[in-house]
Novice: 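Let me begin by handing over the structure; questions about it come next.
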Amino acid sequence: VGLGKTYTGLMLIEKFAMMDNKRILLISPKSVHDSVWVAKLGTMLQHVPNNKIEAIKTTDLTSFDDAKISSFKDVEMVIIDEAHHLRNPNSQRYQQLQKIIQTGLKKQVFFLTATPINNDVYDLYHMIKLFINEGQCTFKDKCSVKKSVVAAECVFGSGVKISNSLILRGAVVHDGAQIQGCIVGPG
C-alpha cells in the first residue's frame, strides 16, 4: 500500500544483523517472497552475511517439523511481512510461528502490516499474543492485552474498521476505568 513497510523491514535487518550481530528470520507471503524480499535483499543488503538472515514463506510454516522449528533457536529477531495473515490462533501457521518465537533465545518480533485489523480488534489481540506473555508481565494488573482489546471493542464496536491510532488510544485502559459508558473490570 506504499507505506514503506518493506524498507522499514530492510532497515531493521541491516541494523540488527550488521550493527547488533543478530540472526534474523524473515517471514513473508509467497506472493512477495521472491519478487520483493529476496530481490531487495540481493540488491540492497548484499553486504549482510547469509548466515545472519533466513527468509521463508508464510506457507512454509505448515510443513515444519520439530527439528526445523528447533533450527530457529538461535534467531533473535523475527520480521513478519503482511503479519495480518497470522491472526488466527487456531491455524497451523499461527501455532508453528508461536513455537518458533518461544524456541531458544528470546526473540524480538516485528509485524509489518497495513491492516492489523481485518474483522475486529481480536485480530490485533491475537497478533500481539504472539510476542506478549501476559503471565510474565511485571505489572500483571495493568498489563492485560485482553482487557485493552475488550475496552477498544466496547468503545469502537465489534467489527468496526478503525485506524491504528484509534485502537492505540482506546487500548490505554486501566482496571475499572470507564470509557464512554463501557466498564472494564478486573478479570
Side-chain angles (χ1 to χ4, degrees), residues 1-18 22-104 107-132 145 149 158-168:
V1 215
L3 300 175
K5 295 181 302 295
T6 302
Y7 292 104
T8 300
L10 291 168
M11 287 186 289
L12 287 167
I13 291 167
E14 183 173 44
K15 189 246 189 265
F16 285 100
M18 297 301 293
K22 291 188 176 188
R23 185 166 170 239
I24 300 163
L25 175 63
L26 170 66
I27 303 172
S28 60
K30 184 178 181 179
S31 61
V32 296
H33 183 75
D34 293 330
S35 62
V36 176
W37 285 103
V38 173
K40 297 272 189 217
L41 288 169
T43 58
M44 299 179 78
L45 295 182
Q46 68 274 13
H47 58 284
V48 174
N50 288 339
N51 67 337
K52 288 294 173 192
I53 181 160
E54 183 166 352
I56 63 169
K57 298 176 187 112
T58 308
T59 52
D60 292 343
L61 290 168
T62 58
S63 65
F64 289 169
D65 59 11
D66 289 342
K68 180 63 177 176
I69 288 173
S70 181
S71 73
F72 299 117
K73 69 180 180 296
D74 295 331
V75 165
E76 296 175 85
M77 184 173 138
V78 179
I79 298 174
I80 306 160
D81 188 26
E82 302 295 345
H84 57 276
H85 292 297
L86 293 160
R87 67 183 184 275
N88 180 355
N90 298 317
S91 75
Q92 186 179 5
R93 287 186 297 186
Y94 183 100
Q95 292 168 6
Q96 294 290 76
L97 176 60
Q98 193 170 40
K99 287 179 190 175
I100 289 169
I101 291 169
Q102 294 173 351
T103 298
K107 294 165 180 53
Q108 290 179 289
V109 179
F110 294 89
F111 291 145
L112 305 176
T113 183
T115 53
I117 299 168
N118 282 359
N119 301 313
D120 59 36
V121 293
Y122 285 95
D123 294 342
L124 180 60
Y125 168 71
H126 293 300
M127 289 191 315
I128 291 170
K129 287 291 288 181
L130 283 167
F131 63 90
I132 298 287
V145 175
V149 169
S158 179
V160 176
K161 300 250 183 196
I162 55 179
S163 74
N164 295 346
S165 61
L166 286 176
I167 277 289
L168 293 175

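Computed over heavy atoms, backbone and side chain alike; hydrogens, waters and symmetry mates excluded. Here the structure is a predicted model, which means the values were calculated and not measured.
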Novice: CD1/Ile69 to NZ/Lys99 distance, rounded to the nearest 0.5 angstrom?
Specialist: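 Here the interatomic distance stands at 5.0 Å.
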
Novice: Could you check if a side-chain atom of Ile100 sits within less than 4.5 angstrom of a side-chain atom of Leu61, using non-hydrogen atoms only?
Specialist: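 They are in contact (side-chain heavy atoms under 4.5 Å apart), so the answer is yes.
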
Novice: Quick check on Asn51: does its CG atom have over 12 non-hydrogen neighbours (other residues, nucleotides or ligands) under 6.0 Å away?
Specialist: yes

Novice: Quick one: CG on Leu130 to CD1 on Ile128, what's the gap to the nearest 0.5 Å?
Specialist: 10.0 Å

Novice: Angle class for the Tyr122/His126 ring planes (parallel below 30°, perpendicular above 60°, tilted otherwise)?
Specialist: tilted

Novice: For the residue pair Met18 and Pro49, what are the closest heavy atoms and their distance?
Specialist: SD-CD, 3.6 Å

Novice: Taking salt bridge (charged side-chain N to carboxylate O under 4.0 Å, His left out) as the cut-off, I'd like each qualifying pair that reaches into residues 69-93, sequence neighbours left out, listed once.
Specialist: Arg87-Asp123

Novice: Could you tell me whether the side chain of Ile13 reaches within less than 4.5 Å of the side chain of Trp37, counting heavy atoms only?
Specialist: yes

Novice: Working to the nearest 0.5 Å, report the span between CD1 of Ile80 and CZ of Phe111.
Specialist: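 One gets 4.5 Å once the value is rounded to the nearest 0.5 Å.
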
Novice: Taking C-beta and beyond as the side chain, do Thr103 and Phe72 meet within less than 4.5 Å on heavy atoms?
Specialist: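 No - every pair of side-chain heavy atoms lies 4.5 Å or more apart.
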
Novice: Any donor and acceptor pair, going by atom type alone, linking the side chain of Thr115 with main-chain N or O of Asn118 inside 3.5 Å?
Specialist: no

Novice: Measuring from atom CG of Asp60 to atom NE2 of His33, what distance do you get when rounded to the nearest 0.5 angstrom?
Specialist: 7.0 Å

Novice: Can you spot which of Lys5, His84, His85 makes a side-chain hydrogen bond (donor to acceptor under 3.5 Å, both in side chains) with Thr113?
Specialist: His84

Novice: Would a 4.5 Å heavy-atom cut-off, applied to side chains only, mark Val48 and Leu41 as touching?
Specialist: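 They are not in contact (no side-chain heavy atoms under 4.5 Å apart), so the answer is no.
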
Novice: To the nearest 0.5 Å, how far apart are CD1 in Ile79 and CG in Leu26?
Specialist: 6.0 Å

Novice: Please answer whether the main-chain N or O of Ala67 pairs with a side-chain N or O of Ser70 as donor and acceptor at a distance below 3.5 Å.
Specialist: no

Novice: Would you say the side-chain atoms of Glu54 pair up with the backbone N or O of Ile24, donor to acceptor, closer than 3.5 Å?
Specialist: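 Not confirmed, Glu54 side chain does not pair with Ile24 backbone.
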
Novice: For the NZ atom on Lys30, are there more than 12 heavy atoms of other groups (residues, nucleotides or ligands in this structure) within a distance under 6.0 Å?
Specialist: no

Novice: Set out, in order, the CA-CA distance, both residues' side-chain angles and the distance that settles side-chain contact (heavy atoms from CB on, under 4.5 Å) for Gln96 and Thr62, then state yes or no.
Specialist: CA-CA 7 Å; Gln96 294 290 76; Thr62 58; 5.9 Å; no

Novice: Please identify which of these residues, Ile56, Ile53, Leu97, meets the side-chain contact (heavy atoms from CB on, under 4.5 Å) condition with Leu25.
Specialist: Ile56

Novice: What closest approach, in Å, do Lys107 and Val78 show between heavy atoms, and which atom pair accounts for it?
Specialist: CD-CG2, 4.0 Å

Novice: If you look at every heavy atom in Ala39 and Ser35, which pair is closest and at what distance?
Specialist: CB-O, 3.4 Å

Novice: When rounded to the nearest 0.5 angstrom, what is the spacing between CG in Asp66 and NZ in Lys68?
Specialist: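 Result: 13.5 Å between the selected atoms.
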
Novice: Hey, are the side chains of Phe16 and Lys52 touching, using non-hydrogen atoms and a 4.5 Å cut-off?
Specialist: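 Result no, sub-4.5 Å side-chain heavy-atom pair not found.
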
Novice: Can you find a heavy atom in the side chain of Lys129 that is under 4.5 Å from one in the side chain of Pro89?
Specialist: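 Of all side-chain heavy-atom pairs linking Pro89 with Lys129, none is under 4.5 Å.
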
